[in-house]
Structure formats: C-alpha cells, structure tokens
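Below is one structure, written out as structure tokens; the observations come after it.
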Amino acid sequence: MSLSFPTMAAIRFGYGFRPGEVAPQSKDELIGQLSKGAAATPDFPLGGPDMRHRAILSLQDQLKQIREDAKTVTDDPTRREMRKAVQRQAQQQFQHDANLRLMQAVLSPYGFYERLSTFWTGHFSTSANKSLPMRLIVPLYEAEAIRPFITGRFGDLLRSATAHPAMLIYLDQADSLGPDSAGGVKRNKGLNENLGRELLELHTLGAGSGYTQADVTAAAMVLTGLTIDRKEMDIAFRPNISEPGEHQVLGVSYGGRRRSREDYLDMLDDLSVHPKTAAHISRKLAVHFVSDQPDEGMVSDMAAAWKKTDGDLTAVYTAMLDHPAAWQNEGAKARQPFDFVVAGLRALNAGPVNGVVGSFLAANQQGTDEGDMAANTPGMAGAPVTTDPAGEARDKRLKAFRAARALGQGALKRMGQPTWLPPSPAGFEEGFSAWITGSQLAERLAWARRAAAQFGRDEDPRAFLRSTLADAARDETIRVVSQAPNKISGLTLVLASPEFNRR
Amino acid sequence: MNRISLSRRGFLTSACCLAAAPVFTPVTFAAMPGDNRFVTIVLRGAMDGLDLVQPFGDAGFAALRPTLALTPDSGLLDLDGHFGLNPAAADLMPLWKSRELAFVHAVSTPYRDQRSHFDGQDMLESGGEHVAEEKTGWLNRALAVIPRSDARKAIDVNTSTELILSGPNNVDVWASDSNLAPARDEMQFLARLYAGDPPFAAALAEATRADSAAMMVEADGDHGEKIGDVAALAANMLKGDYRIASFSITGWDTHIGQAGQFKRPAGDLAQAINTLKATLGSEIWAKTVVLAMTEFGRTVRQNGSAGTDHGTGGCAVLAGGAINGGRILGRWPGIGDGQLLDDRDLMPTADVREVAAAMLYRQFDVGVDDLTRKIFPGLGFDRGSQFLNV
C-alpha cells in the first residue's frame with residue numbers, strides 16, 4: 001500500500017475526508033459502514049416514502065383532471081396555466097430531492113455505503129425525465145428499491161429494482177403485453193422488449209456475454225404480465241396480459257399453461273446467480289472503485305465469492321477489499337462529477353453538526369422561476385438601484401439560492417452528471433477519458449473557485465490541503481499550493497489538483 | 001435613506017458571458033458620516049515595486065535585472081531623475097504631474113522570512129505585528145473608533161468579505177461572480193500543478209484553447225474594462241453615503257516572464273485609479289485618498305525565468321486629490337552590495353501600516369492611541385509621521 005489505509009479508504013471507497021469525521025481505520029470498519037448505512041433512512045424523498053406515495057397519486061389525479069377538463073374547457077390559456085402549475089410543482093419537488101440526495105452524500109459518515117448507493121442507482125438506471133410523475137417516482141425508487149437491498153443478496157436487489165414503477169415506466173414494461181395473451185389480443189398490442197433486453201445486457205449477464213436475440217425475446221415474454229396499477233401507481237401482475245406458454249431463456253424454461261408472478265421471479269433468481277452475471281457485475285464494481293483496467297485476480301475473487309454465497313453482495317465487496325489490488329495504484333480513477341462535488345463540499349464542510357456547507361445549501365435550496373425573472377430586472381449599470389425592502393430581501397434570497405444551485409445541481413448539470421437524469425439505461429459514463437477533458441476541467445476549476453470563495457474564508461490552503469488529501473498530496477502540489485498568490489487561489493488549487501480529481 | 005441593491009446583470013452590462021467576468025475580489029464598503037473618502041486597493045500576489053517604480057538612477061540596477069530594468073531611453077517614464085514609472089502604468093503620469101500621486105518605496109508589513117502569500121496578506125489586512133495575531137481587518141476595527149461613526153447600512157451579503165474590512169463592525173459587501181476567473185498568474189500555478197500529470201495537463205491545454213463561454217480559464221483581454229467597472233462601482237458608492245471602500249487587483253505573482261505579465265495588473269491599477277477620479281468628480285476627488293498596497297515585495301535580482309520571486313520590501317501607491325503628491329516617499333535603502341536584506345530583498349525602511357495609519361488620522365481624525373493599540377497593535381506612530389505631510 002503506497003498511501004495510508006485511512007486515505008485510500010476515504011478517497012477510493014468513500015467521498016473523501018470531512019473535517020471532524022474519522023476516516024475508516026480498517027477493512028472491518030469499511031464493511032461495518034454497510035449495515036449502518038442500510039439501516040439509516042435516507043433524507044429523500046422529501047417527507048418520507050409514505051407521503052411520497054400519496055404525492056404521486058395526487059399528481060396522477062391532477063393530471064387526470066387536466067385531461068378531463070380538456071374535453072370541456074375550451075379556454076386554452078387556462079388549461080396551459082394549470083398544466084404549468086402542476087409541472088412546476090413536480091419540478092420543484094424533484095430539485096428538492098436532488099439537493100437532499102447531494103447533502104445525504106456530503107453529510108453521511110458511511111461513505112462506502114453512499115458510494116455503493118450511487119453505483120447501484122446507476123447500474124439500475126432510471127431517469128426522472130421520462131415523464132412528469134417520474135420526477136416524484138425516481139427519488140422514491142432509490143430510497144425504497146435500491147438502498148435497502150445493496151448489502152444483501154443480488155437476487156433481492158434485482159427483484160426490487162426490476163419490479164419498481166420507476167423501472168417499469170422507464171423501460172416501457174408497463175406497455176408490454178403478451179401478443180397472444182387475452183389482453184394483448186383484445187387491445188391489439190404486443191411485446192415491448194426493452195426491459196427484457198436491458199435485464200440481460202445491463203442488469204445481469206452483460207453485453208456480449210453470449211445470450212441471443214431469442215433469449216431477449218423470451219425474457220421479455222416471461223416479463224409480460226408485470227405491469228403497473230395506474231390507479232395505485234404500484235406494480236401489479238396481470239396474468240391476462242402474460243404471454244401464455246413456456247419460454248426458454250438461456251436454456252431454462254419458464255412459464256407454462258398458467259402464467260404467474262413466480263415465472264419472472266424464478267427467471268430473475270436464476271439470472272442473479274448466473275456465472276456471467278457474477279463476472280459482469282464483479283468487474284463493473286472493480287472498474288468503478290479501483291481501475292478502468294482492474295486486476296483480473298481481484299475480479300475472479302469477487303466472482304468466486306458471488307458463486308460461493310449465491311450473490312451475497314457484502315461478501316463480494318469484502319472479496320474486493322481483501323484483494324491487494326484494491327489498495328494499490330492510487331489515483332487510477334477520475335472522480336466523476338458527483339464524487340468531485342460531494343468530496344469538495346465535504347472537504348469545505350467545517351463547523352458543528354451539518355457544517356457551513358450543509359447549513360448554506362439547506363437554507364437556500366428553494367427558488368422559483370418568477371423570482372428569477374424579477375431579479376433580472378436591470379438597474380443602471382454600476383449604479384445603486386433603489387428598491388423596496390421586500391424586494392431587497394427577495395434579491396438577497398435569490399442570490400443565495402443561485403449560489404447554492406451553482407454549487408450543487410447546477411454544477412452537476414454543467415459537468416454532465418445531473419442527479420437522477422442519466423443519458424441512457426446504461427447510466428453515466430465510467431471511464432477516465434470521459435471525465436477529464438478540457439470542458440470538464442474548466443467546469444471543475446470554476447466550481448472550485450466558487451466553492452472556495454463561498455466556504456473557504458477561514459481556511460488556510462496549506463491546512464486545507466492536509467485535511468483534504470492527507471498523504472495523497474504530492475510534494476509538488478504541496479509546493480504549488482503553499483506558494484499560491486492568494487488564499488482563494490490556494491484553496492482552488494487544492495480542489496483542482498490531480499490528487500483531488502483522481503481517486 | 002435609500003436602500004441599495006446592486007444588480008450584477010446591470011453591472012456587467014457589456015459582459016456577454018461569465019468568461020468575460022473581471023478577475024478581482026469583491027468590493028467592500030463602509031458608510032459613515034463626514035466628508036472625506038478613503039479607498040484601499042489590495043494588490044494580491046506581491047507586486048514588484050521595483051518594476052512599477054524603477055530606480056534607474058542606481059548603478060547596478062540594470063545588471064541585477066538584465067531583461068526587466070528599463071531606462072528613460074527604453075521607455076521608462078522619468079519621475080524625478082532617479083526613479084521612473086513602468087510604461088505599463090503610463091496612464092498614471094497625468095496624476096503624477098498634477099501632484100495627485102505618490103509612491104512609498106521600501107515599505108513592508110512586519111512579516112518576514114516565510115514569504116507565504118496567505119500569511120503576508122493576512123498581516124497586511126489584519127494589521128497585526130505577527131501572523132494570526134489579529135483575526136479581524138484593520139479597516140473594520142477603524143470603523144469603531146472613527147468619530148461620528150453611526151450610520152451604516154447593508155447593501156448585500158455575499159460570498160467572501162475581504163479580511164481588511166471584516167470584523168464585528170457592520171460593513172456592506174458587494175461581490176460579483178468575478179472570482180470565477182483565474183488571473184494569469186494562477187494559470188501558471190495550474191500549469192505547474194498539472195505538469196507531472198499528462199492527462200490533466202492536456203485537459204488544461206484543451207480548456208485554454210477552447211476559450212468557450214463555459215471556460216473561464218485564461219480570462220485575458222477584456223480586463224481593463226472590467227477593473228474600470230469595479231472602480232466605477234466603488235466611486236458611485238462613495239458619491240453616496242459611503243466613505244470607505246476596498247477592493248483588490250490580482251495578478252501580481254510574476255515568477256515567469258514578468259515583462260509581459262506585469263503589464264496587465266499595472267494597467268489595471270492605473271485604470272482603477274483614473275476611473276475613481278473620473279467617476280467621483282473633482283469635488284469629491286479632492287477629499288479622497290487611495291492607498292494601494294501589497295503583501296510583500298519581490299527579489300531584487302530577476303530569476304532564471306525572467307521573473308522575480310517573493311521578497312520583502314515593496315512599494316505602496318498613494319493617490320487622490322487630497323494628497324500632496326508628485327513625490328517618492330520613504331527612505332530609499334539602495335540596492336548595492338550590503339544594502340539588501342539577506343542579500344536578496346529590498347530592505348524595508350518603513351512599516352506600510354504607518355502609511356495606512358497616517359491616512360486614517362488625516363482623513364477621519366482617528367486618535368493616535370486607537371491607531372497604535374486597537375487598529376495596528378505594536379505600531380510606532382506619532383504626529384511626526386513622515387507620511388502625514390503627503
């Protein structure tokens with residue numbers, strides 16, 4: 001090990017150091033974070049899962065009402081206003097959840113668990129852009145279908161992710177009907193292979209692992225019947241839209257004369273312990289945490305642990321940490337934007353309880369479009385503008401809101417990793433070259449300057465470097481930072497350093 | 001009394017994008033009754049006073065600085081037959097001629113040896129005798145002891161207050177998004193930071209080439225206009241209720257290729273002072289003192305990359321209609337053998353805090369006891385200070 005254990009543990013397997021938080025001192029401590037993280041309730045969705053379920057139903061009702069009004073109300077502008085109001089409300093809730101998710105990662109003492117949550121949410125990718133209700137559903141999905149399951153058996157995680165409304169909507173499963181099922185014949189609609197394909201290509205076996213198009217079609221057939229109860233916005237299994245008969249996936253037969261929920265659950269279970277799934281996901285974990293070209297011995301150790309435990313994920317993570325390669329060649333990976341922003345906010349987050357960063361972002365996460373427009377009313381160039389006290393307070397609020405947004409979701413968007421908005425079912429890019437580019441670096445520099453100016457007032461760059469990178473700081477970085485022309489520059493250089501952008 | 005808010009959008013009317021944002025730190029203001037005005041400009045990065053005001057009359061100067069030293073024959077603007085002004089600040093010459101400009105050579109804070117920008121700037125702004133002795137800014141502490149200092153009001157609260165004006169006394173702060181753009185000297189630090197890491201070095205090169213709106217690196221070019229905006233903003237505030245303003249000019253850390261690099265900040269300084277004068281108008285300018293100062297000086301000898309490194313004795317700039325300028329102030333220590341500090345730096349012969357103390361004394365009647373105990377602890381200052389007659 002070239003760096004100290006706590007440094008490697010904090011930077012490679014967590015979101016970096018945070019002042020006042022002791023970095024993991026041993027592998028047992030790292031693994032110990034998993035059960036603690038899984039037992040904790042995430043800060044999102046806002047109001048908790050029960051309230052969110054109700055909010056989703058309420059949104060459904062509002063949308064339905066608007067559709068019905070459209071039949072009778074001929075006044076276009078009124079309808080448009082109603083639709084806009086509903087959209088705005090959902091968008092605001094989504095932004096709030098996205099901020100909560102960011103702060104969850106910043107404030108949680110269980111960095112390894114948080115990193116894994118991000119990994120798995122990306123693995124079972126869904127996007128809040130798919131439809132308006134998805135703005136409310138996707139945060140709930142991570143909270144209730146991903147996070148509680150990432151320390152147990154992969155099979156259980158696969159079941160919970162596959163059967164969540166977020167996944168069924170995102171991959172169009174709710175629109176898939178068995179072509180020869182009663183429901184399919186009646187509605188003259190048929191199969192949608194999307195979920196069946198991604199299940200094999202992305203979620204389990206992996207692309208190029210040897211399955212055929214016939215396997216994809218058959219998997220999609222097995223999945224028919226799995227759909228959404230639109231009224232309850234919950235999953236449902238409806239035999240009358242399930243394709244009847246037996247379907248061979250990878251040589252195993254599912255289904256029969258009477259189709260049932262058990263068919264697809266059996267298929268998911270088989271896929272979850274398939275050797276190719278073990279190899280695919282072990283490698284993906286190793287790539288995510290350790291290196292774009294991971295040590296083959298480490299990957300096979302992880303796959304072996306998978307096989308031995310029928311896919312117990314904690315055993316797989318342990319096998320990764322137990323391999324020497326997990327502790328070598330530091331800095332091989334680029335921190336992805338979310339990782340970078342979280343690590344930066346953590347590094348700057350001095351102060352009691354939630355720290356300065358937490359307090360600032362929590363206090364300023366709400367803003368409105370109307371407010372933005374009001375604040376844009378120009379005054380005389382460079383001259384004082386006389387306003388009423390209420391206007392002044394509003395301007396101040398807006399400015400703080402904008403600063404918070406620029407440091408949080410705004411930055412993530414500009415850096416190409418907006419929360420819960422991946423570009424495809426494959427999630428965000430993984431490799432170094434995708435993230436360390438000219439425009440990326442420019443965004444990171446701008447972010448670093450802004451964050452340093454916002455939160456770094458009481459920081460000495462030399463002390464900040466020590467607390468942020470510990471023994472990961474190279475001699476040259478120590479020299480450059482200590483010679484920086486001013487404090488903000490010094491702090492910016494720490495956050496811009498290769499060591500801080502690698503892990 | 002008017003409430004004041006400042007719209008960045010309005011402020012940067014001519015800016016098309018953030019890339020064109022200015023490169024200096026926030027303007028801070030303090031309001032109080034009384035008629036005189038005081039502006040401090042912190043020159044961050046250690047301005048080379050020997051480059052701004054060159055002792056061309058000293059034998060040996062040209063040898064110490066083969067490519068940096070100028071003479072009146074090579075463009076230096078003769079000030080008094082011994083010192084000359086760097087042509088990059090030529091726009092200051094009219095002020096010199098109208099005796100509204102003075103330079104104080106060979107001054108420094110009590111800071112020695114370590115030559116860290118952070119510590120040096122902290123001392124310059126906190127006014128203490130030792131590093132980290134004072135946690136608040138001297139200009140903020142001054143507010144409490146200026147007679148009749150009751151009326152202060154908020155403009156805005158923003159990202160970062162300069163240390164010089166930060167502290168328990170209310171100060172209004174205006175800050176642009178300007179701190180997004182690294183100054184040129186910082187670009188060199190980034191280049192060094194990435195020198196051993198090819199992918200990062202390549203990305204930085206790409207970013208610098210790209211020059212896209214999202215970029216904000218190498219924000220060269222439009223600078224003069226922008227520092228003018230900041231100075232105009234400060235002056236407009238001083239035309240109202242405000243009596244004290246402070247802002248910074250960065251870009252002075254000239255380790256490499258100083259001859260080229262010095263032009264931008266020197267031009268910014270000239271433009272800032274001229275803009276203050278033009279915007280304030282003759283009546284208020286006549287009651288105004290501008291003090292520009294830096295955390296420490298630079299080495300007397302130029303280094304191997306045609307730049308200079310961190311030194312000690314530096315130069316402060318005084319301007320304003322309220323001063324009796326057209327003079328080089330301070331005691332010149334010389335740059336010959338045995339005259340340099342540690343055979344390296346310009347020997348400081350006065351404490352730059354004394355210059356500031358003198359300005360507070362003459363502009364706002366701050367008492368000597370307050371100056372030497374509360375504002376600049378440990379400073380020797382009396383009514384005989386050489387800087388009071390400027």
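One finds the CD1 atom of A:Ile488 at 11.5 Å from the OG1 atom of B:Thr250 (value rounded to the nearest 0.5 Å). A distance of 5.0 Å separates CG of B:Leu193 from OG1 of A:Thr477, quoted to the nearest 0.5 Å. To the nearest 0.5 Å, atoms CG (B:Leu43) and CG (A:Asn486) are separated by 12.0 Å. Note that the CG atom of B:Asp119 and the CG atom of A:Asp460 stand 6.0 Å from one another [nearest 0.5 Å]. Put simply, NZ on A:Lys487 and NE2 on B:His117 are 14.0 Å apart, with the number rounded to the nearest 0.5 Å. Taken to the nearest 0.5 Å, the OH atom of B:Tyr194 stands 6.0 Å off from the CG atom of A:Asn501.
Heavy atoms closer than 4.5 Å to chain B are found in both the backbone and the side chain of A:Ser497. Only the side chain of A:Phe432 comes within contact range of chain B, judged by heavy atoms closer than 4.5 Å. Contacts of B:His255 with chain A are absent, with no heavy-atom separation under 4.5 Å from either backbone or side chain.
B:Phe118 and A:Pro461 get closest at one heavy-atom pair: CZ-CG, 3.4 Å. Of all heavy-atom pairs between B:Phe200 and A:Ile436, the closest is CZ-CD1, 3.7 Å.
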Derivation and outcome, salt bridge (charged side-chain N to carboxylate O under 4.0 Å, His left out), residues B:Asp197 and A:Arg502
CA-CA 11 Å; B:Asp197 195 316; A:Arg502 290 172 173 275; 2.8 Å; yes
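With salt bridges taken as basic N to acidic carboxylate O contacts below 4.0 Å, one links B:Glu186 and A:Arg449.
Within 6.0 Å of the CD atom in A:Glu429, the count of heavy atoms belonging to other residues, nucleotides or ligands does not exceed 12. Other residues, nucleotides and ligands contribute more than 12 heavy atoms inside 6.0 Å of the CD atom of B:Glu133. Within a 6.0 Å sphere centred on CG of A:Asn329, heavy atoms belonging to other residues, nucleotides or ligands number 12 at most.
Donor-acceptor pairing under 3.5 Å is lacking for the side chains of A:Ser489 and B:Arg44. Checked by atom type, the side-chain pair A:Gln483/B:Arg115 shows no donor-acceptor distance below 3.5 Å.
If you tally non-hydrogen atom pairs under 4.5 Å between each of A:Arg462, A:Gln440, A:Glu476, A:Arg474 and chain B, the highest count goes to A:Arg462. Of the listed residues (B:Ala203, B:Ala235, B:Pro199), the one with the most heavy-atom contacts under 4.5 Å to chain A is B:Ala203.
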